[in-house]
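By convention here, the first residue in the shown sequence is residue 1. Counting starts at 1 for both ligands and their atoms, in listed order.
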Amino acid sequence: MSNEGTTLYLGAFVDELVRSGLKHMVVSPGSRSTPIAVLAAEHPDLKIWIQIDERSAAFFALGLAKSSRQPVALLCTSGTAAANYYPAIAEANLSRVPLVVLTADRPHELRGVGAPQTIDQLGMYGSHAKWFMEMPLPEAAPAMLRHARVTASRAMMTAGTAPAGVVHLNFPLREPLLPNLDHPQLFADARRDNSQAYTAVAEAQAGLSEAVLQQLAAELSATRKGLIVCGPHDDPRFAERVIQLAELLQYPIIADPLSQLRSGAHSKRLIIDSYDAFLRIDSIVEELQPDVLLRFGAMPVSKPLLLYMSKHEQAKHIVVDEAGWRDPTLLVAARVMAEPAIFCEQLAAKLGQERKGDANADSAWLKRWQQLQLSSQEVLTEAAAAEAAGGLFEGSVVYQLQQLMNRHSTLFVGNSMPIRDVDSFWRTDDKGIRMMANRGANGIDGLVSTAMGVSAMQRGTVLLLGDLSFYHDLNGLLGAKLHGLDLTIVIVNNDGGGIFSFLPQAQLPNHFETLFGTPIGLDYEHAAKLYGGQFQRVYSWAQFQQAFQQAQASGGLQMIELPTDRAVNVELHRSIWPKLAERLAAES
Ligand code: TPP
């Protein structure tokens, strides 16, 4: 049987992915996917990253795509291999990260008849994929080669357009599976021989109409008590523009750690980073009654902020988002379908033209937020900078990292307590540290692999996570060895799920440790040995500083473990809030 169809059809498909902008493909080994894997490896302009475990592979691809802000492809064989992509696909869908997922499958005559390594792969990611297509069997007919190119181009465009997300293409493949790498027509486009895309895609930037701009400018400039709330968002143009808008309106900006507003060269005058602390105080929530909430990005991590926003139903909640419906408060009064950076630029220009911004100058509202911010910052920094009695305070690791991390490096933050501690204890700075996390589905799975993917794009990446999250993705450590990557992993080891000690189930002594605390007592030094990394366990902040500097200087896979105590940690967190309440009460 000839392999010409397999060679030319799949060759055209891979080539067109590259012409449409694909630079990275994460491949897991398998037989059914052979022709795509071989053709991808043969393509001169595509970088292949091998990952054995498909769950890690998919999270690794997520990390590559997140950090590069570009679509990344995944390829695996048929059967349960494809099912292992599921968690990362759910995360990519929810956090709007572009992935092009290619799964190999048996041809139709071998499906549902007991053939080996065959499961139902049709639409298997459900609504987590923006677009699913069952591909045809490869053929070399001219119309089919056009189909291969158009589908590749459409897959890249669909994954990358707002809201970015996941495209799944399932390929039935029949033997012989080996392509002919000497075929003279391999990767050739019948229409042209340069490297242009088969279909050029021009990106449009959706702007606001004059009428909407005018109405918003009039409304906001006449509203003194406004608040800008910035959740997770990763557009590098956004910080400067939202600040310019806030300056014109004199609105404080609530900045989630993943909004990229806490760290950078931009002005911090209007940025509030300590709201999670002072919005725990009922009298302050009561006092700070906003008239308008202008919201950008995904929902912020802070629960006190969510409760604050939900409580103030009387305020007009405006959500600016290019797509989707991200609003668990269910209070949105107006949705503006626009890219946040473009929205801010246009509205600022409009306000500037009409000199409407001055209307809110000398706002007592803004001053009150700034005053709360200053006092809260002091209390939080004092708590995080102190050497706590009774063991290492988990909040302090954030303070320490902020001092130690290099300018323009990346911090990938694990879910559970690490992201909450970063929210509480990472103050604004000018270091330009990019903050990333998997906050789409908030899983404790795949964090090592995602950070590993990020580290492949950005040197000096640091991962901060809890011990159970680390355990969950030990397989991800292989990426560093396979690809010679640098990643410093800071493991907060409280031997179990520390977050549950903050929840009501902590009061069930008979069940708590078994069901929630879940101590597993692993010695992670062995993991470092297994995967060829360096391991340091530290008991003081002085040791941590030394270990961190050493880790960053040596490069490669570095693990620093901080043993902490769950019970002590809850007490230390809880001791801060009354101190803050006292201080703010004394000042008012
Ligand atoms: N399984 C997945 C895949 N994701 C989840 N979010 C959970 C379970 C529920 N969960 C949330 S936090 C947590 C669990 C099991 C404990 C995490 O422990 P650790 O990583 O050690 O962090 P800590 O709570 O100690 O900060």
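Considering Ile419, Asp495, Ile444 only, the shortest heavy-atom separation from atom 1 (N) of ligand 1 involves Ile444. Nearest-residue assignment for atom 17 (C) of ligand 1 (options Gly414, Ser416, Gly446; heavy-atom criterion): Ser416.
Note that atom 9 (C) of ligand 1 has no protein non-hydrogen atoms nearby, at separations under 4.0 angstrom.
Ion pairing between a basic and an acidic side chain is recognised when a charged N comes within 4.0 Å of a carboxylate O; Glu394 and Arg566 show no such pairing. Under the 4.0 Å criterion applied to side-chain N and carboxylate O atoms, Lys579 and Glu382 are not assigned as salt-bridge partners. One finds a salt bridge joining Asp321 and Arg326 here, because a Lys/Arg side-chain nitrogen approaches an Asp/Glu carboxylate oxygen to under 4.0 Å. Contact check on Arg69 versus Asp234 returns a salt bridge, with a Lys/Arg side-chain nitrogen under 4.0 Å from an Asp/Glu carboxylate oxygen.
Here the two rings, on Tyr86 and His128, have centers that are under 6.0 Å apart.
In this structure, atom 20 (O) of ligand 1 lies nearest to the protein heavy atom Ser469 OG, 2.5 Å. In terms of protein heavy-atom proximity, atom 14 (C) of ligand 1 is nearest to Phe500 CZ, 3.6 Å.
A 6.0 Å sphere centred on NZ of Lys431 holds more than 12 heavy atoms belonging to other residues, nucleotides or ligands.
Ligand 1 places these atoms under 4.0 Å from at least one heavy atom of Leu468: 18 (O), 19 (P), 20 (O), 21 (O). Close approach of ligand 1 to Asn442 (heavy-atom distance below 4.0 Å) involves ligand atoms 6 (N). The distance from ligand 1 to the heavy atoms of Gly497 drops below 4.0 Å at these ligand atoms: 16 (C), 18 (O), 24 (O), 25 (O). Counting the atoms of ligand 1 from 1 in the order shown, those under 4.0 Å from a heavy atom of Met417 are 26 (O). Each of the following atoms of ligand 1 lies closer than 4.0 Å to a heavy atom of Pro418: 26 (O). Heavy-atom contacts of Asn494 reach the following atoms of ligand 1: 25 (O) (cutoff under 4.0 Å).
Contact annotation for Phe470 and ligand 1: no heavy atom of the residue comes within less than 4.0 Å of the ligand.
The closest approach between any non-hydrogen atom of Asn415 and ligand 1 is not below 4.0 Å.
When atom types are taken as modelled, the side chain of Ser259 and the backbone of Asp256 share a donor-acceptor pair closer than 3.5 angstrom.
Counted by atom type alone, Asp429 and Ser263 present one or more donor-acceptor pairs between their side chains at under 3.5 Å. With no hydrogens or angles considered, no side-chain donor-acceptor pair links Ser56 and Gln51 at under 3.5 Å.
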